[in-house]
S.K.: 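Got a structure for you, questions after.
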There are 2 protein chains.
Amino acid sequence: MAEFTTLEHENLNSVVYGALCDALMQGRFQPGDRLKIRALAEQFGTSVTPIRDAILRLANDEAITFRSPRDIRIPEMSETRYREIRAIRIRLEGLAAETAAQVATSADIQALEDILRENERAIEVGDRLKGTQLNQAFHFMLPQIAALPVLNTILRRLWLQMGPHISDAYIEGGRAMIDHHYPVIEALKRHDPAAASMAIVDDILLGGKPILERIERGQEREARRA
Amino acid sequence: MAEFTTLEHENLNSVVYGALCDALMQGRFQPGDRLKIRALAEQFGTSVTPIRDAILRLANDEAITFRSPRDIRIPEMSETRYREIRAIRIRLEGLAAETAAQVATSADIQALEDILRENERAIEVGDRLKGTQLNQAFHFMLPQIAALPVLNTILRRLWLQMGPHISDAYIEGGRAMIDHHYPVIEALKRHDPAAASMAIVDDILLGGKPILERIERGQEREARRA
DNA sequence: ATAAGATACTTGATGCATCTTTTTTGATTT
DNA sequence: AAATCAAAAAAGATGCATCAAGTATCTTAT
């Protein structure tokens with residue numbers, strides 16, 4: 001008798017949600033962009049229902065907001081809010097790195113090195129999309145190695161909010177984006193939680209500097225307009 | 001199984017979401033309870049649409065899960081998962097307490113003392129519902145004092161998941177539930193971030209012990225059945 | 001009496017019509 | 001040219017009909 005793997009059927013709303021999440025994390029939406037349910041339904045080739053479902057979930061994630069009852073937009077981010085997200089990331093990714101350093105297998109470290117090597121190559125070639133994706137993949141790999149799924153979910157949600165504010169400078173900064181990933185891997189190899197934590201904190205603070213600068217510039221622009 | 005009164009307009013899905021969140025955080029749902037969209041629609045006196053919207057959001061929060069395509073339930077919690085949530089809370093509420101200690105005004109401290117005094121009274125009188133609500137209010141007040149809305153949102157989501165697992169022992173434990181709130185307030189008065197953080201960590205670890213024990217008992221029960 | 005197959009029922013997903021309110025637009029006035 | 005206001009269009013919210021898939025119940029052949 002032939003064997004089959006149990007297949008799971010995904011809902012349309014989940015597919016749409018996933019696609020919009022990808023778009024957000026890849027920076028394919030800009031702050032202030034407006035989303036229209038009917039327009040998206042046409043693009044996705046579905047009725048409005050699954051789109052509404054996805055939009056509602058995204059709104060629940062605070063990745064998009066209802067500026068007014070009929071005006072769905074990618075939100076701006078205040079500098080204060082970005083700093084808060086950064087502070088939270090430092091605590092959470094610090095915990096992930098510490099835990100990962102304690103339990104990482106050589107296969108885990110291999111996986112991280114593979115991502116980093118690919119990331120290096122993507123940056124050389126100038127493939128921005130792949131560059132951001134692999135950078136994120138590195139960050140998400142730590143909670144995965146540490147077996148912290150709840151933390152991973154929180155982190156993804158934060159990235160959903162940061163995605164539209166990833167600046168070109170961040171990507172154009174090239175290797176600065178991933179410089180701090182090397183000491184993370186070294187710390188994991190030595191099973192040194194404190195060093196792993198410090199390295200990832202450096203990455204968040206220093207590597208993410210161009211993002212903060214973009215947000216600061218955005219705020220100045222807002223201020224001048226008012 | 002929780003009951004609901006019929007409600008009036010505002011934004012139906014948000015109202016339903018809010019009501020279900022309250023019910024979850026008050027422990028009015030038990031792990032394994034099944035939710036039915038049509039039944040809830042009848043209870044709330046709405047069509048199924050706003051209920052679906054709210055359910056989808058809750059599922060996105062991982063506060064409820066689709067056990068199978070048409071089977072919506074309050075999820076069980078593994079001990080591992082609870083410990084992860086606790087570790088995350090320690091980091092995040094620690095950050096909130098530290099920040100709050102630095103910026104707390106006398107009005108903030110007054111508010112905390114008011115909550116604590118009311119909580120004390122609720123426990124004396126044996127009002128369990130009010131007891132849990134005020135305990136949560138205390139915890140949510142710290143990120144509010146610290147002006148950390150993102151952290152507050154994350155915390156609320158975690159509590160949505162913990163709600164159904166709050167044990168009677170936790171509530172019957174009486175003052176043990178809030179014993180550690182006093183040193184938190186003392187630390188805030190002295191503007192001592194380290195002490196505030198330590199006090200809230202003690203509360204999470206020691207005060208929450210009955211919850212962990214209930215989950216452990218639940219797991220043993222599961223194991224015996226298998 | 002048992003088990004496989006058929007049938008009825010339940011339930012969330014999807015699509016769509018309609019409602020209310022907002023947003024847009026364009027004519028008109030200042 | 002700018003501001004104002006009314007009509008038209010747009011857009012999300014809500015309700016509901018229908019669909020497909022899962023669950024339970026009943027039937028029937030062995």
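Residue numbers begin at 1 in each chain, while the letters A, B, ... track the order of the sequences.
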S.K.: Which nucleotide sits closest to the side chain of B:Leu12: C:dT20, D:dT14, D:dA20?
M.R.: D:dT14

S.K.: Checking contacts here: which listed nucleotide (D:dT14, C:dG12, D:dG12) is nearest the side-chain heavy atoms of B:Ile37?
M.R.: C:dG12

S.K.: When rounded to the nearest 0.5 angstrom, what is the spacing between CD in B:Glu62 and CZ in B:Arg157?
M.R.: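 Atom-to-atom, B:Glu62:CD and B:Arg157:CZ are 9.5 Å apart.
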
S.K.: Heavy atoms only, 4.0 Å cut-off, all strands: where does A:Ile51 land among base, sugar-phosphate and nothing?
M.R.: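 A:Ile51: no heavy atom of the nucleic acid under 4.0 Å.
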
S.K.: Counting only non-hydrogen atoms, which of residues 55-67 of chain B are less than 4.0 Å from DNA chain C?
M.R.: B:Phe66

S.K.: Is it true that a side-chain atom of A:Asp71 and a backbone atom of A:Ser68 form a donor plus acceptor pair closer than 3.5 Å?
M.R.: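 No, the answer is negative, given that no donor and acceptor are paired below the 3.5 Å cut-off.
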
S.K.: How close or far is atom P of D:dA11 from atom CG of B:Asn11, stated in whole angstroms?
M.R.: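 That distance rounds to 19 Å.
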
S.K.: Under 3.5 Å, is there a donor on one side chain and an acceptor on the other for B:Thr105 and B:Asp108?
M.R.: yes

S.K.: Just to verify, which of A:Asp61, A:Asp22, A:Asn11 counts as forming a side-chain hydrogen bond (donor to acceptor under 3.5 Å, both in side chains) with A:Tyr17?
M.R.: A:Asp61

S.K.: For A:Pro69 and for B:Arg38, find the nucleotide of DNA chain C with the closest heavy atom, then tell me which residue's nucleotide is more 5'.
M.R.: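 The residue whose closest nucleotide sits nearer the 5' end is B:Arg38.
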
S.K.: In terms of side-chain heavy atoms of B:Val48, which of C:dT23, D:dG22, D:dC16 is nearest?
M.R.: D:dC16

S.K.: What's the closest nucleotide to the A:Arg34 side chain, out of C:dT22, C:dG12, D:dA11?
M.R.: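 Nearest nucleotide to the side chain: D:dA11.
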
S.K.: Does the base of D:dA20 carry an N or O that pairs as donor and acceptor with the side chain of B:Arg70 under 3.5 Å?
M.R.: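 Answer yes: a donor N or O sits under 3.5 Å from an acceptor.
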
S.K.: Between atom CG in B:Asp53 and atom P in D:dT14, what is the gap in whole Å?
M.R.: 7 Å

S.K.: Below 4.0 angstrom from OP1 or OP2 of C:dC16, is there any side-chain N or O of A:Thr49?
M.R.: no

S.K.: If we check side-chain contact (heavy atoms from CB on, under 4.5 Å) with A:Ile55, which of these qualifies: A:Asn13, A:Leu35, A:Val48?
M.R.: A:Leu35

S.K.: Is a side-chain N or O of B:Thr132 found less than 3.5 angstrom from the main chain of B:Arg128, in a donor-acceptor match?
M.R.: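 Yes, the answer is positive, given that a donor and an acceptor are paired below the 3.5 Å cut-off.
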
S.K.: Whole-Å distance between C:dT14 P and A:Glu10 CD?
M.R.: 10 Å

S.K.: Under 4.0 Å: is that the gap between some side-chain N or O of A:Ser47 and OP1 or OP2 of C:dG15?
M.R.: yes

S.K.: Tell me: CG of A:Asp71 to P of D:dA11, nearest whole Å?
M.R.: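 One finds 10 Å between P of D:dA11 and CG of A:Asp71, rounded.
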
S.K.: Rounding to a whole Å, what distance do you find between B:Asn13:CG and D:dT14:P?
M.R.: 6 Å

S.K.: Kindly compute the distance separating CG (B:Asn119) from CD (B:Gln133), expressed to the nearest 0.5 Å.
M.R.: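 Those atoms lie 10.5 Å apart.
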
S.K.: Roughly, in whole Å, what's the span from CZ in B:Arg73 to P in D:dT23?
M.R.: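 Going from B:Arg73 (CZ) to D:dT23 (P), I get 10 Å.
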
S.K.: Verify, without hydrogens or angle tests, whether A:Arg214 (side chain) and A:Ile166 (backbone) share a donor-acceptor contact under 3.5 angstrom.
M.R.: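 Present.
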
S.K.: A:His181 vs A:Phe138 aromatic rings, parallel, tilted or perpendicular, using cut-offs 30° and 60°?
M.R.: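 Judged by the thresholds at 30° and 60°, the geometry between A:His181 and A:Phe138 is parallel.
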
S.K.: Rounding to a whole Å, what distance do you find between A:Ile72:CD1 and D:dA13:P?
M.R.: 6 Å

S.K.: For nucleotides 7-9 of chain C, list the nitrogen or oxygen atoms of the protein found under 3.5 Å from its nitrogen or oxygen atoms, one pair per line.
M.R.:
none

S.K.: Cation-pi check for B:Phe66 against B:Arg73: NZ or CZ below 6.0 Å from the six-membered ring centre and within 45 degrees of the axis, yes or no?
M.R.: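 B:Arg73 over B:Phe66 ring: no.
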
S.K.: Would you say the side chain of A:Arg52 and the base of D:dG12 hold a donor-acceptor pair, judged only by whether the two atoms sit under 3.5 Å apart?
M.R.: no

S.K.: Tell me: NZ of B:Lys36 to C1' of C:dT10, nearest whole Å?
M.R.: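 B:Lys36 atom NZ is separated from C:dT10 atom C1' by 8 Å.
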
S.K.: For the side chain of A:Thr46, starting at C-beta, report the closest nucleotide among D:dA11, C:dG15, D:dT14.
M.R.: C:dG15

